[in-house]
Amino acid sequence: MLGEFLQYLFSGLTTGATYALVGLGFAIIYNASHVINFAQGEFVMIGGMGTVMMMAAGVPMPLAVLGAVALAVIAGVALDKLAIERARDADIVPLIIITIGASLFLRGLAQYFWGKSYHSLPAFTGDEPLKVLGATLLPQSLWVLGVAAVLLVALAFFFNRTLKGKAMLAVSHNKDASRMVGINPRFILMLAFALSAALGAVAGIVSAPITLTSYDVGIMLGLKGFVAAVLGGLGSAVGAVIGGLLLGIMEAMAAGYISSDYKDAVPFVIILLVLFFLPSGLFGKRGTERV
Amino acid sequence: MSALMTVEGLTKTFGGVNAISELSFEIQPGHIHSVIGPNGAGKTTLFNLVTGVYTPTEGRISFAGEDTRGMPPHALARLGMSRTFQNLQVCMNMTAPENVMVGRHLRLDRRFLPALLRLPAVTRGDRACREKAAELMRFVGLERYLDADADAMPYGALKRLEIARALAAEPRMLLLDEPAAGLNANETAEIDALIQRVAESGVTVVLVEHDMKLVMNISDHILVLNYGKKLAEGSSEEIRHNPEVISAYLGAA
Amino acid sequence: MWNRFRNPYAGLPVLAIVLAVLPLAFSNPYHYDVAIHVLINAVVAVGLNLLIGYAGQISLGHAGFFGLGAYTTGILSGVYGWPPLLSVLAALVVVGVLAFAVARPILRLSGHYLAMATLGLGILISIVISTEGWLTGGPDGMIVPTISVFGWELFGETRWYWVMAVLLLVAVWLALNLIDSPVGRALRAVHGSEVAAQVAGVNTISYKVLIFVVSAVFAALMGTASAHYSGFITPDLAGFFHSIEFVTMVVLGGMASTYGALIGAVILTTLPQLLTGFDDLEMVIFGAILMAVMIFMPRGLVPTLTARLRKGS
């Protein structure tokens, strides 16, 4: 009983950590620009596939990891500079289509250069499962959770203690006022894209040994990351992380106790219910429109 | 004569702060009524409460003999309430006459299938509505813009367009939220004349305005708010000589 | 000159002539096939444009309605042997009822939350379709019988072309009628200023629900057409990417322009056909074109171009 529950919990936390990192990426970009970046999932793909391909070319793993993260960051910054920044004044819908166009573009490039097959990364530190209270836990899951935790702590430090981080928060609260105190919102936006891309790529790399990776893993991960961000209340970083973890756990529980057929449906059922009853997410701001 | 609108003990709280507290007053039919007060006194909040845009925290509002507390704006419109907005709410995706025609919504054939099939009943009603809209645009002085897209019109014209749209409903009560804000002296004088013409046509006008001269000249009855509370009420003569008003509002200004 | 140009009904006879003359240029069934898909998508786009372009409410899930329509008629006629005309009607009812049931809570949302909810709804429909394989054939798809109307069998590209062409003309006419009516103005006012619309007496949520259901039924109708025309359906019809294609048709051609939606459908349907020569780079080029048009013409092709023409004249 307990073993089974723990098993689902471990697996849910592991996928949840991935969703959390992707959701956090959504939240960071949303805060800096009010853009929902539907290409977020492609950063995850670039992380996983980039590492696989560089390792296949003979690059040692640590370097391949760094290279893949760098590749995702380049893609993120390019997306910002070449597309988002030029369409700053567009409405929500054109912006959504631009980021979807970007995701097709990146996915298409991956398919062209890296092919359509599925790949796996070797686990970082062996794949001898650990036994915990009747449940098994892959060492790689610990890597996923550990890396996610380290990133979250680093980000918390960045936002609360460093000048650049505080500047990003300031821009999300009031763009005009932050410009007046000398913050360059363009730079902040670029930083947001770079940061989100890096987060996504890391999520893709650490989860690749467990879930496999391919040119199209970004589709579902991107959508679920968006669900995580909305679940937590758009723009709330803490909310996105909690939203992501919750999604992962509920998905695993539903798959384990109910039916695995509808595992992918779980996040969407949850988000619809939440939006129906709490229209601004679990931790979103509620306010009266001023006229 | 019974009141057109009665407000009793009205309170609205935003995050623990009372934007309006314990406010009571009556609006008699006919005439021009004004609500004045320093910035942040709660004038626009009061408008939003009365027109159903906000829901009151406490208190009662009745309009045209019905308890309207918590009624949505579109239901209040059916009872004959109409308003303009301090920050313009013009539909920029439509032409100027179409904006006015929206104001006539409740007086048109709104059935879906006849509209879809363009039945004569709908087109006939629409043609009459278009003429009425043009007439109203002339009434508010917008004859130059009969073919214009709303997003091609200057600010002062848009303010009038809102008034024309509000009038298109043939309301019993018209609430104008700072109709002269952002206008120059000439334009203000024209708006002043326009409001008087509207009142003469039998519509009860309620005005929120910063421009003291405008208010004093044309109002039959004035309500002074300060920090969400009623400071004074009376004719412009009474308000002009009310020491509390002078110190709180005129003195501070 | 511009007044005539601004009368949208002037476009109807032009459209009718184009549709009538076009087959002269077709030299093989493949041309007809592409044209039929254009027509099917165009009707969906015209309907969706009422929701997105005119009422200002985004939906990233309309392929769900399209797919649900296709599968409902496919299952009822194929598995249960209903006469196709009846199964098509049933599909419209099913989609209409579903859309109506979810519309109120969904359309209370706005902006990205609305995008999320409609996206979720569409994906759920597609997941159900691909999971319930015993009924739908699962990811492999299912075969759908042909349709006959009172003994006249609707079969072959030519017949389908003419039926769909008439359907498009009717759809455009209905959309134009609606836009220029009290209902249409109320919908546009919801987009322009929701609070102003309410104050004018427009029950905004009811109108949003109405147009959501109408656009869903447009999509469902074309889903059923697509199913019976091609004779084979897969869950991709209801998928997220298909929803995005529909939205892109509306936005690319030009929001709040019925003919824009039509042109968007033409471009988005024929583009992949033109790109098949590029094989593996198809997705890359498609993505790049989407981005480029939206960056340089965020209002879409038709409004941007007509605005330029107007300035030029």
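Here the structure is a predicted model, which is why all the values come from computation and not from measurement.
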Could you have a look at A/Ile84, A/Val227, A/Asp91 and say which one has the most heavy-atom pairs with chain C under 4.5 angstrom? A/Val227
Top residue by heavy-atom pair count (under 4.5 Å) with chain C, among A/Pro267, A/Ala90, A/Ala102? A/Ala102
Taking everything shown except A/Lys116 itself, do over 12 heavy atoms lie less than 6.0 Å from its NZ? no
So what's closer than 4.5 Å to chain C heavy atoms on [X]: side chain, backbone, both or neither?
{"X": "A/Tyr215", "answer": "side chain"}
{"X": "A/Leu272", "answer": "side chain"}
{"X": "A/Ile96", "answer": "side chain"}

Does A/Leu104 form a side-chain contact (heavy atoms from CB on, under 4.5 Å) with C/Phe241? I'd like the steps, not just the answer. CA-CA 10 Å; A/Leu104 290 175; C/Phe241 185 65; 3.6 Å; yes
Between [X] and [Y], what is the shortest heavy-atom contact and its length?
{"X": "C/Val102", "Y": "A/Phe276", "result": "O-CZ, 4.5 Å"}
{"X": "C/Gly120", "Y": "A/Phe268", "result": "CA-CD2, 3.8 Å"}
{"X": "C/Ile123", "Y": "A/Met220", "result": "CG2-CE, 4.3 Å"}
{"X": "A/His34", "Y": "C/His112", "result": "O-CE1, 3.4 Å"}
{"X": "C/Val284", "Y": "A/Leu109", "result": "CG2-N, 3.3 Å"}
{"X": "A/Ile97", "Y": "C/Thr248", "result": "CD1-CA, 3.8 Å"}

Chain A: which of [options] shares the most heavy-atom pairs with it under 4.5 Å?
{"options": "C/Leu121, C/Val293, C/Ile106, C/Leu281", "result": "C/Leu281"}
{"options": "C/Leu119, C/Thr131, C/Ile127", "result": "C/Thr131"}
{"options": "C/Ile244, C/Ile58, C/Leu124", "result": "C/Leu124"}

Interface moiety of [X] toward chain A, non-hydrogen atoms closer than 4.5 Å:
{"X": "C/Ile295", "result": "both"}
{"X": "C/Val128", "result": "both"}
{"X": "C/Leu60", "result": "side chain"}

Between C/Tyr113 and A/Leu234, is there a donor-acceptor pair closer than 3.5 Å when you use the side chain of the first and the backbone of the second? yes
Please output the residues of residues 249-273 of chain C in contact with chain A, using a heavy-atom cutoff of under 4.5 Å, in numerical order.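 Expected list: C/Val251, C/Met255.
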